[in-house]
Every structure is written in structure tokens, then in C-alpha cells.
Amino acid sequence: MSFFFKASRPKTPQEVAKAIKESLMALDTKTVAEVKALEKALEEVEKNFATMRTMLSGDGESEPNLEQVSQLVEELCKEDVLTLIIHKLPTLGWEARKDLVHCWTILLKHKVDDKHCCVEYVEQHLELLDFLVVCYDNKEIALTCGTMLRECIKFQTLSRYILESATFVLFFKFVELPTFDVASDAFSTFKFFDLYEKLLTSPNYVTRRQSLKLLSDFLLEAPNSQIMRRYILEVRYLKVMMTLLTDSSKNIQLSAFHIFKVFVANPNKPQDVKLILAKNREKLVDLLQNLSPGKGAEDEQFEEEKEFIIKEIEKISV
């Protein structure tokens with residue numbers, strides 16, 4: 001006697017999105033207070049995330065169906081599943097978070113009719129980025145959030161929002177966390193400084209001025225001395241400050257000088273920093289000699305600092 005088992009029908013993208021949404025929402029029900037009910041709900045989420053991963057990236061034997069991928073992307077956005085996914089991060093288990101990180105990259109990059117639907121969704125729900133930043137305070141999900149954030153900042157609109165948002169200041173706190181893995185991950189994400197250069201060298205005066213002011217305020221505050229010590233080791237950041245010293249705005253020149261002087265005064269300057277300063281010695285000395293804060297009570301202190309920095313530049317040997 002033979003037995004035939006009918007294979008279960010694969011879920012459609014719409015069904016996958018609905019299943020993910022319902023399983024995530026189940027984490028909110030009152031029955032979740034019971035351990036077994038919570039475990040079951042989390043298992044459902046894990047199973048649905050695994051299905052999503054297979055639909056987005058294939059099963060190892062066959063490639064994903066791009067039409068289905070597009071349908072799934074559209075459905076996840078239309079049904080606000082992305083918001084649920086991010087807000088439920090603190091509750092998810094390790095396996096679900098691992099699948100989510102894998103899927104997140106694909107979701108952001110996938111285009112439907114030449115549009116990054118998921119990126120546009122996040123643009124319309126920017127509070128999700130704030131949530132991911134704040135979650136660095138939760139060591140259980142910090143690394144997951146860091147990976148997801150680094151995927152987000154590959155898109156200019158999202159990186160600009162984070163750089164200009166109030167939550168950006170939290171990175172100055174997170175890179176000093178005692179938990180090594182979390183602090184290291186935060187610093188990897190904090191390398192927004194590479195993107196920040198675009199704001200500092202923007203053709204728009206207001207953008208340059210505000211970005212430089214924010215950077216200066218943080219780097220020159222005593223609690224952030226460790227960040228400043230890291231910052232002044234990077235020659236590319238020195239080059240940005242040197243460029244800003246030539247800005248047509250006196251305010252920008254002065255703000256740049258207060259960061260630039262720390263590069264010069266650093267007794268442990270890296271060799272590449274020394275080389276740039278030595279190579280541009282004459283131009284820098286001319287610039288600084290012509291730099292003045294205008295009339296005011298701080299003139300004398302400024303002139304003393306400027307004279308000291310000029311002497312330091314003149315005696316650099318490579």
C-alpha cells in the first residue's frame with residue numbers, strides 16, 4: 001500500500017507579509033504574559049522570517065523569483081510591516097534577528113519600477129532611524145541595530161537625516177560604552193564622519209556653518225575628549241579643516257581653526273598628519289597670520305593660541 005502526501009502550497013508574497021504582521025502583532029496580546037504563549041509567538045515570527053529570507057534570496061538551489069520579491073517588498077511597505085519589524089526588535093530571538101539582518105539589506109536595495117520602496121518608506125517614517133540609534137543602549141540588539149543602520153546610511157537621504165537629527169549626539173555616548181562589542185560596533189557606525197565631510201564641504205553656507213558648529217561643540221567638550229583623540233588621528237579630517245580655513249566666511253574659518261589647532265598641538269601626530277602639515281607649511285602660516293576674530297575680549301587669547309600653532313607648524317619635521 002502506498003501513501004501519497006500532497007506538498008503544501010508555497011505561500012504568496014501577500015500571505016508571507018500577512019503572516020509576518022500577524023505573528024509580530026501577537027507579541028502584543030495579553031496572552032504573551034504566559035511564557036509558553038510568548039515562546040509560541042516568537043517561534044511563529046522566527047518561522048515567518050525564515051520564509052521571508054527564502055523568498056528574498058532563494059533556497060540555495062534556486063534563485064529568488066524577482067516578481068515575488070517585488071510583490072513582497074510592496075506588501076511589507078503597504079501594510080506597515082517594516083514599522084512593526086523594527087519596533088519589535090527588542091523582543092525577537094537571535095535566529096529571527098539573524099534572518100532579519102540578511103533580509104534588511106535586500107529589502108533596502110531592491111527596486112520596484114526604479115524606486116527603492118523600502119528606502120522611501122523609511123523616509124516617510126524617519127522615527128524608525130531614531131529608534132535604531134537609541135537601541136544601542138540595549139546590548140542584546142545593539143549589533144543588529146548597528147548593522148541595519150549601516151545599511152540605511154548607504155542612502156543619502158537617510159544618512160543626512162541621522163547626521164542632522166538629535167539622536168546623532170548619542171553616538172558620542174555609545175562609542176564609550178563599557179561593552180566592547182557594542183562600543184566597537186557603535187564606532188563603526190559612527191564613521192558617519194566620512195559622510196559628514198559632505199556636509200562640511202557643502203556649497204550651501206548654512207549647511208557648512210551648522211554642521212561645523214555641531215561638530216565643534218561636541219569635539220571640544222571635555223566629556224568627548226576620547227572621540228577628539230580618535231578624530232585628530234585621521235588625515236582626511238585634517239584636510240577638511242584645512243579647506244574650511246580658506247572659507248569665505250569668517251565664522252567658518254574661526255570654527256575650523258579651533259578644531260585644526262588640536263591636530264597641530266597633538267604631541268603624538270601620525271606621520272601622514274605631519275606630512276600634510278609640513279607640505280602646506282607656508283600656506284598655513286600665511287592663512288593663520290591673516291586670521292583674526294575681529295574686535296572682542298578674546299582677541300588676546302586667540303592671538304596667543306594662533307602664535308603657538310604657527311610655531312608648532314614651523315618646527316614640524318618629517
Side-chain angles (χ1 to χ4, degrees), residues 159-160 163-166 168-169 171-172 175 190-318:
S159 64
R160 181 176 293 273
L163 287 168
E164 296 179 338
S165 73
F168 180 69
V169 306
F171 280 104
F172 292 87
V175 294
F190 184 66
K191 287 186 176 177
F192 279 135
F193 278 135
D194 298 344
L195 298 168
Y196 208 81
E197 290 178 36
K198 295 179 181 179
L199 298 182
L200 292 172
T201 56
S202 167
N204 184 287
Y205 166 74
V206 175
T207 299
R208 290 199 311 280
R209 178 79 183 101
Q210 290 181 339
S211 302
L212 183 57
K213 184 179 185 303
L214 175 63
L215 181 65
S216 179
D217 286 347
F218 285 125
L219 291 181
L220 297 174
E221 285 185 1
N224 299 323
S225 59
Q226 184 177 343
I227 305 300
M228 173 61 97
R229 285 195 293 273
R230 293 184 185 185
Y231 188 82
I232 61 176
L233 295 178
E234 299 289 342
V235 71
R236 62 185 183 276
Y237 303 147
L238 169 61
K239 290 179 180 178
V240 172
M241 290 306 127
M242 288 167 58
T243 299
L244 292 173
L245 282 173
T246 67
D247 198 276
S248 58
S249 163
K250 179 70 70 177
N251 286 332
I252 288 179
Q253 288 178 11
L254 293 172
S255 293
F257 170 75
H258 290 302
I259 298 178
F260 171 78
K261 69 185 181 187
V262 187
F263 281 95
V264 178
N266 178 19
N268 301 309
K269 289 185 282 292
Q271 186 65 15
D272 53 357
V273 168
K274 288 182 180 180
L275 285 170
I276 289 295
L277 292 172
K279 182 179 179 180
N280 295 276
R281 193 190 323 265
E282 290 184 13
K283 291 180 181 178
L284 287 170
V285 169
D286 286 342
L287 272 173
L288 295 176
Q289 286 176 338
N290 293 315
L291 183 63
S292 65
K295 296 180 180 180
E298 298 181 1
D299 283 10
E300 186 174 339
Q301 180 183 344
F302 176 81
E303 290 300 327
E304 288 177 0
E305 289 182 347
K306 189 175 74 171
E307 185 177 346
F308 170 76
I309 294 303
I310 289 174
K311 288 180 178 179
E312 287 293 306
I313 292 173
E314 288 177 333
K315 71 180 186 183
I316 288 175
S317 59
V318 293

Answer yes or no: is there a side-chain heavy-atom contact under 4.5 Å between [X] and [Y]?
X      : Y      : answer
Val273 : Leu233 : no
Phe308 : Glu312 : yes
Met241 : Leu212 : yes

Closest approach of [X] to [Y] (non-hydrogen atoms, all atoms of both residues):
X      : Y      : result
Lys250 : Asn290 : NZ-O, 4.3 Å
Leu291 : Glu303 : O-OE2, 4.3 Å
Leu238 : Phe263 : N-CZ, 3.5 Å

Those residues that, when tested against [X], pass side chain to side chain contact (heavy atoms under 4.5 Å, CB included) (two or more places apart):
X      : result
Leu284 : Met242, Leu245, Phe260, Leu277, Asn280, Ile313
Asn204 : Ser202, Val206, Thr207
Ser249 : Tyr205, Asp247, Asn251, Ile252

Name all pairs fulfilling the side-chain hydrogen bond (donor to acceptor under 3.5 Å, both in side chains) condition that reach into residues 257-274, sequence neighbours left out, sorted by first residue then second.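 Qualifying pairs, neighbours excluded: His258-Lys261, Lys261-Glu305.
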Show your reasoning for whether side chain to side chain contact (heavy atoms under 4.5 Å, CB included) applies to Tyr231 and Val262. CA-CA 10 Å; Tyr231 188 82; Val262 187; over 6 Å; no
Any chance you could measure Arg208, atom CZ, to Ser255, atom OG, to the nearest 0.5 Å?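 Separation between the atoms: 12.0 Å.
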Output all residues satisfying side chain to side chain donor-acceptor pair (under 3.5 Å) with Lys283, sequence neighbours left out; order by chain, then residue number.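 Once residues adjacent in sequence are excluded, Lys283 has no partner under the side chain to side chain donor-acceptor pair (under 3.5 Å) criterion.
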Among all residues two or more places apart in sequence or in another chain, which pass the side chain to side chain donor-acceptor pair (under 3.5 Å) test with Glu234?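 Counting only residues at least two positions away or on another chain, Glu234 forms a side chain to side chain donor-acceptor pair (under 3.5 Å) with Arg236.
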Matching residue for Leu215 among Leu220, Val240, Ile259 - test: side-chain contact (heavy atoms from CB on, under 4.5 Å):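 That would be Ile259; it is the only one of Leu220, Val240, Ile259 passing the side-chain contact (heavy atoms from CB on, under 4.5 Å) with Leu215.
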Can you sort out the partners of Lys213 under salt bridge (charged side-chain N to carboxylate O under 4.0 Å, His left out), two or more places apart, ordered by chain and number?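 Applying salt bridge (charged side-chain N to carboxylate O under 4.0 Å, His left out) to Lys213 gives Asp217.
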Taking only residues two or more places apart in sequence or in another chain, which ones pass salt bridge (charged side-chain N to carboxylate O under 4.0 Å, His left out) with Lys311?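 Residues passing salt bridge (charged side-chain N to carboxylate O under 4.0 Å, His left out) with Lys311: Glu307.
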Donor-acceptor under 3.5 Å (Arg281 side chain, Ile316 main chain):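 A pair under 3.5 Å: yes.
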